[in-house]
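No experiment lies behind these values; they were computed from the predicted model shown.
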Amino acid sequence: MDNIFIKGAREHNLKNIDVTIPRNKMVVITGPSGSGKSTLAFDTIYAEGQRRYVESLSSYARQFLELMDKPDVDYIEGLSPAISIEQKSISKNPRSTVGTVTEIYDYLRLLFARIGHVYCYGCGKEITSQHAPQIVDNIQSLGVGTNITILAPIVRGRKGEYRKEIEELRKQGFTKIRLNGKVVDLSDDIELDKNKKHEIDVVIDRITLRDGIERRLFEAVELALAKANGIITIETKETTYTFSEKFACPDCGISYPEIAPRMFSFNNPYGACPACYGLGVKEYFDPVLIVPNPDLSLRDGAILPWEEKPPAHFLPFLEALVKHYAIDIRKPFKDLPKDFQDALLYGSKGEEIEFHIDHGARREFVKKSFEGVIAGLERDRERADFWEKEKFERYINLIPCPTCSGARLKKEMLWVKINDLNIYEISAKTIEDCRTFFQKIILSDKDQEIARTILKEINARLTFLVDVGLDYVSLSRNSATLSSGESQRIRLATQIGSGLTGVLYVLDEPSIGLHQRDNERLLGTLKRLRDLDNTVIVVEHDHDAIVESDYVVDLGPGAGENGGYLVFQGTPEELQKHPDSLTGLYLSKRREIKVPEKRRKPKGFLAIKGASAHNLKHIDVKVPLGIFTAVTGVSGSGKSTLIVDTLYPLLKQKLYKSKERAGETEGLSGYEAIDRVIDIDQSPIGRTPRSNPATYTGIFTHIRELFTKLPESRMRGYKEGRFSFNVKGGRCETCAGEGFVKIEMQFLPDVYIVCDVCKGKRYNRDTLEVRYKEKNIADVLEMTVTQATEFFDALPHIKNKLRMLNEVGLGYIKLGQAATTLSGGEAQRIKLSRELSKRDTGSTLYILDEPTTGLHFADVEKLLHVLFELVERGNTVLVIEHNLDVIKCADQIIDLGPEGGDKGGRVIVTGTPEDVMMSPESYTGLFLKKYLNGDILTKTTKHKVSKQKVR
């Protein structure tokens, strides 16, 4: 079958549509935000493909897998096994790195175990094999009279019962073994748990060293080496020595165990650093987190932990310290003497200070040393219950482990090298540098033969990561620090590496967070996935992705209830000519976002000096005030670090005396010109289905007040709480105001059924009898924002908030829609509408991080209109953005780069879009120039980025 045919799709807002998707092609599903793209791709096509696969398994296997609900569709034909690559972080596990997720680190471990050169960590010399005579000489050097036990380690940390091996030892005449650290007689009945790991050493001989014992010792050593495949353990009363025929230093006597891949794993006790258990970091109480805002005085609460305790707990100590060191309690903490700061944080180091202790009416004076805030926190944390320890996390930071210096591995493993680099040094390189290293690696003929297959796999996977725009990331980077876009592209690279064919891949906006420079490489990667005979379905708004695809499905024409119709399906060329497609209008330039006729001039500047957080290279940046500014640069260049992690917390400290930590700088000036700073991010507006747009924006409060004032409510004595589904009184108690009841199933997914008492209305019968314009409170929550705007037309305080939701392109969402079903972009725009509905001072700084995420061309135009309105009122709007339609409309641009990661963090150019286009060093300027000249990447005109040398 050449096509996937979907008949009668009705999930969510889809209007019983029939869609034909060609197999083994790259297909883009596009349309306005909220038109049903994700519903068709993920909730219908992927859900059905996954459901059919899981249902083919046994009931035993199904209980360990998530079984998806059957989508509301008549039937789907030609479906392949489906894999979704969505925008979600990979893992929050501190042991998970880019290397482990992509499996490149597994190949590195194998490579080092097979061709790594072992060096002595004592003297640095390369270690050669040590044979029986050398081992005997080393043992005799322990001295006459030393009692030794010669052991042959035959099992090391492996599961099993080992009945056969133990029986064989009995037949060979051995009498004792050391089992898991204890000596056991072989005549005893020995039973091992096959699910636990065991250590088994054969006791070869027990000898007291003396003259004339050489022959017996030599025979015992040879027997042990033969029995344990070249390894022998010598145990004395004080210590244990391991010798190997393979790795041992003749000068230092340092021996290595058998080099195996697990020895290079920081998730295995055989390789992990014993001090940090393979995490590479140690926790400590950070003075910067204890005093996050050093501009505050002790009187104003500079010591954050003391703010959470009653004054009686710390006031006597503070008064005594202030008196003893003769300091001014009203001075900012940063201006206090260094010796006082140290005494306050780390203790008085034995210096006695006079404290007073109140015993009711009697006051007692005592002299003793002060332990310090940090020592007190350590003591309190040690004594705290498990659930109480969480409150101390805010003061704890991480430093590289002092034992392994952040390398995570035992020191022995860090002295195994290839081309003079150990496994950690290679992992710490960026993907691009790592690929260069392996392409230029110099090996002997023997090592080259051994490593050929391993190197092929490593190079292929590194190339895939470079192709999806992740050349700036290192293999050792913790996967928890990756953005959702980076995580999605890593999964994409991993899937290409798997080499599967005949699979249906469904991707959710893979271009998010990706600079135009990397877009072509990403599209090339998707085509490579297609060329492996896979069907690639991409939910996307990106111009290049739509034009470069083989087939386009356009949904619309509007959003929410106005969407869900099939507007067009066919080739990108046909789409551009289609008269009814909004997407086609923008693609063909029949409709476009116009460049502003003139750029606004800054009314002042926020000057950041010496920003050096993460990869920022001690840069000075001037942020214009009173205009619309875009912060641009390739992925990983330091945009979010500069604005979200540095500027925003600094302004909160200056304006609100916030105690939130800011990125490292030498100072901030010019902040007197603004009185508010608001960061509108994409975090959810609520964590539970009880949160919704109406409650978050405050509309629901006004609606409940309105229902309370109705004659029916007054007659019955109803208050506002009666119309809340979160408290008892007016809600349905059968479903506790949820509208549905959860039925737990053993082998199937949990089933949610509509509450049979309230029929999904959330409220009890009495509450629903109160009506306004023939609608009860449940009917109002089911309205879309557009419907509600018309319904509450006569009530300005409700209508104004609804109008703002409409203006940011959210007219299609329902007032009572669960917050958990909203995308990151929708959540961000709901927050934006809430801020817009407030009275601004005309001196507010708005910060938005990629606000165009998930937005169609038409929605981007609406968003820009809203942002321009904010600027016209005198406010400052600062956006971090890759979208060229937004960048071209900015008054000023701050472009960071030139690359990502360590090669980024510098200011490339600042100025108007026209200034940036004139800069030969700016990738943003290069693509902006192409875009504004009308030479957008198409199938006929491709622009291939050459590697620019940054001046």
Side-chain angles (χ1 to χ4, degrees), residues 6 8-19 28-44 71-73 509 539-541 546 552-569 575 578-587 590-591 593 692-694 697 699 773 775 778-793 798-799 801-819 821-823 825-830 832-833 852-866:
I6 300 104
R10 294 177 297 276
E11 190 74 14
H12 299 327
N13 68 330
L14 295 180
K15 303 297 193 298
N16 201 38
I17 60 175
D18 301 341
V19 183
V28 168
I29 300 178
T30 189
S33 308
S35 60
K37 302 180 299 297
S38 294
T39 299
L40 177 61
F42 288 95
D43 299 337
T44 304
D72 189 3
V73 59
E509 292 199 71
V539 176
E540 192 56 272
H541 295 290
I546 298 170
V552 182
V553 175
D554 189 30
L555 301 182
E561 288 304 311
N562 297 323
Y565 295 98
L566 180 64
V567 176
F568 168 85
Q569 55 182 346
L575 174 64
H578 197 276
D580 300 325
S581 169
L582 192 57
T583 307
L585 288 174
Y586 281 95
L587 286 179
R590 287 175 285 159
R591 179 171 170 179
I593 298 170
N692 57 52
T697 56
I699 295 170
K773 289 187 181 180
K775 300 286 185 184
D779 296 332
V780 170
L781 287 173
E782 280 298 306
M783 290 181 182
T784 63
V785 169
T786 304
Q787 291 168 341
T789 306
E790 189 178 327
F791 185 75
F792 293 109
D793 186 56
I798 297 178
K799 183 184 175 183
K801 289 180 181 287
L802 291 167
R803 182 175 60 84
M804 290 303 172
L805 281 168
N806 260 317
E807 285 190 5
V808 295
L810 291 174
Y812 61 90
I813 64 171
K814 292 183 178 180
L815 294 184
Q817 186 172 335
T821 66
L822 297 168
S823 69
E826 287 169 334
Q828 187 178 36
R829 281 178 283 150
I830 288 172
L832 179 61
S833 75
T852 60
T853 297
L855 291 192
H856 187 264
F857 305 106
D859 299 306
V860 171
E861 193 169 2
K862 284 182 185 176
L863 176 70
L864 284 170
H865 173 73
V866 170

Minimum heavy-atom separation for V539 and A41, please, with both atom names.
CG2-CB, 3.5 Å
Checking side chain to side chain contact (heavy atoms under 4.5 Å, CB included) for the pair V866/R829: CA distance, chi angles, key distance, verdict?
CA-CA 10 Å; V866 170; R829 281 178 283 150; over 6 Å; no
Kindly check if the number of other-residue, nucleotide or ligand heavy atoms within 6.0 Å of CZ (F791) is above 12?
yes
Hey, are the side chains of L14 and D43 touching, using non-hydrogen atoms and a 4.5 Å cut-off?
no
Nearest 0.5 Å, what's the CG-CD1 distance between L587 and I546?
5.0 Å
Considering all heavy atoms of both residues, which atom of R590 and which atom of H578 are nearest to each other, and what is their separation?
NH2-O, 3.2 Å
Taking atom NZ as the centre, does K15 end up with more than 12 heavy-atom neighbours from other residues, nucleotides or ligands that are less than 6.0 angstrom away?
yes
Under 3.5 Å, is there a donor-acceptor pair between the side chain of Q569 and the main chain of V553?
no
Does one side chain, of H856 or T30, offer a donor that lies under 3.5 Å from an acceptor on the other?
no
Could you tell me whether E807 and K862 have a side-chain N and a carboxylate O separated by less than 4.0 Å?
no
Answer yes or no: is there a donor N or O on one side and an acceptor on the other, between the side chain of D859 and the main chain of S33, under 3.5 Å?
yes
If you round to the nearest 0.5 Å, how far is CG of L802 from CE of M783?
10.0 Å
Does any part of the side chain of L566, heavy atoms only, come nearer than 4.5 Å to the side chain of D18, both counted from C-beta?
no
Are the side chain of N692 and the backbone N or O of A818 linked by a donor-acceptor pair below 3.5 Å?
no
Side chain proximity check, T697 to S833, heavy atoms < 4.5 angstrom:
yes
Compare every heavy atom of P557 with every heavy atom of P32, then report the nearest pair and how far apart it is.
CG-O, 3.5 Å
Can you tell me how far NE2 of H12 sits from OG1 of T44, rounded to the nearest 0.5 angstrom?
7.5 Å
T784 side chain to Q787 backbone, donor-acceptor under 3.5 Å
yes
Considering all heavy atoms, the nearest S35-G558 contact
CB-O, 3.3 Å
List the steps, then state whether side chain to side chain contact (heavy atoms under 4.5 Å, CB included) holds for L863 with L832.
CA-CA 10 Å; L863 176 70; L832 179 61; 3.6 Å; yes
To the nearest 0.5 Å, how far apart are CZ in F42 and CD in E11?
14.0 Å
Just verifying a value: how many Å separate I699 CD1 and I798 CD1, rounded to the nearest 0.5 Å?
8.0 Å
Taking L575's backbone N and O only, do any of them form a donor-acceptor pair with S581's side chain (distance below 3.5 Å, no angle check)?
no
Are any of the side-chain heavy atoms of V785 and P693 separated by less than 4.5 Å?
no
Taking the side chain as every heavy atom from C-beta outward, state whether V567 and L582 have any atom pair closer than 4.5 Å.
no
Any chance you could measure E790, atom CD, to K799, atom NZ, to the nearest 0.5 Å?
10.0 Å
Relative to each other, are the rings of Y586 and F857 parallel, tilted or perpendicular (30° and 60° limits)?
parallel
Go through the steps to decide whether E826 and Y812 satisfy the test side chain to side chain donor-acceptor pair (under 3.5 Å), and finish with yes or no.
CA-CA 11 Å; E826 287 169 334; Y812 61 90; 2.5 Å; yes
Output, in order, the C-alpha distance, side-chain angles, deciding distance and verdict of side chain to side chain contact (heavy atoms under 4.5 Å, CB included) for I29 and V19.
CA-CA 11 Å; I29 300 178; V19 183; over 6 Å; no
